[in-house]
Amino acid sequence: LTMSRTGTGLRYYIYENGEGALAKNEQLAEVNYKVSLLDGTEVYSSEGNGSKSFMIGHDNIESGLHEGILLMNVGAKALFILPTHLAHGLTGDNEKIPPRSSVVYDIELVSLK
């Protein structure tokens, strides 16, 4: 698996191309996702919590997710590895993600509004 890397350190691999529109800032993105730690421990998923929607470029979620979603079309599926500074940083999320952890997103862009 060869992943591409952005200037900020986000690693990504789009393993299924979408047919829909390319995501842009200011749009509401709906995603299905699975979030894991680097050791493979799954911490969150849309199977357990339902799909997640967020305003691209605005909502208070991991900055790496804002950056990565802009690389995707509706219907695309991708793997993102968010280094700690693009994920939850020094503090973690105070729930399941420990401090200074990189996280892996397996993500599908379901829709844009």
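Remark: the backbone N or O of E108 is not paired with any side-chain donor or acceptor of N32 at under 3.5 angstrom. In terms of modelled atom types and a separation under 3.5 Å, the side chain of T84 and the main chain of G89 share a donor-acceptor contact.
A 4.5 Å side-chain heavy-atom check between D106 and Y15 finds at least one atom pair inside the cut-off. Side-chain contact between L37 and P98 is present, with heavy atoms from C-beta onward closer than 4.5 Å. Put simply, the side chain of I107 reaches to within 4.5 Å of the side chain of I69, judged on heavy atoms. Residues L90 and P99 fail the side-chain proximity criterion, which asks for heavy atoms closer than 4.5 Å.
The ring pair (Phe, Tyr, Trp, His ring centres under 6.0 Å) test applied to H66 returns F54, not counting sequence neighbours. Under the side chain to side chain contact (heavy atoms under 4.5 Å, CB included) criterion, K96 pairs with V43, Y44, not counting sequence neighbours.
Side-chain atoms of S111 and E30 include a donor-acceptor pair closer than 3.5 Å.
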Please walk me through it: do L65 and Y105 pass side-chain contact (heavy atoms from CB on, under 4.5 Å)?
CA-CA 9 Å; L65 204 50; Y105 264 87; 3.7 Å; yes
Is there a side-chain contact (heavy atoms from CB on, under 4.5 Å) between L70 and I56 once you walk through the steps?
CA-CA 8 Å; L70 293 171; I56 302 171; 3.6 Å; yes
Is there a side-chain contact (heavy atoms from CB on, under 4.5 Å) between M3 and L79 once you walk through the steps?
CA-CA 9 Å; M3 299 190 89; L79 285 173; 4.1 Å; yes
Kindly determine whether F80 and R11 satisfy side-chain contact (heavy atoms from CB on, under 4.5 Å), including the steps that lead there.
CA-CA 6 Å; F80 297 152; R11 287 183 172 79; over 6 Å; no
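No more than 12 heavy atoms of other residues, nucleotides or ligands lie within 6.0 Å of CG in N60, so this atom counts as exposed by the packing criterion. For E42, the CD atom sits in a packed shell: over 12 heavy atoms of surrounding residues, nucleotides or ligands are nearer than 6.0 Å.
Here the OG atom belonging to S102 is positioned 11.5 Å from the CG atom belonging to D39, to the nearest 0.5 angstrom. The distance from atom CG of D59 to atom NZ of K52, rounded to the nearest 0.5 Å, is 10.0 Å. Separation of atoms CD (Q27) and CG (L112) is listed at 4.5 Å; rounding is to 0.5 Å. Atom CG in L82 sits 10.0 Å away from atom CG in L38 (nearest 0.5 Å). Atom CG of L71 is separated from atom CG of L109 by 11.0 Å, given to the nearest 0.5 angstrom. The CD atom of E67 sits 12.5 Å away from atom CD of E62, with the distance rounded to the nearest 0.5 Å.
Side-chain heavy atoms closer than 4.5 Å link hydrophobic residues (I, L, V, M, F, W, Y) into clusters, and following such links, possibly through other members, connects Y12 to M72. Taken together through direct or relayed side-chain contacts under 4.5 Å among Ile, Leu, Val, Met, Phe, Trp and Tyr, V104 and Y33 form parts of separate hydrophobic clusters.
Considering every non-hydrogen atom in both A87 and S101, the closest pair reads CB-O, 4.0 Å.
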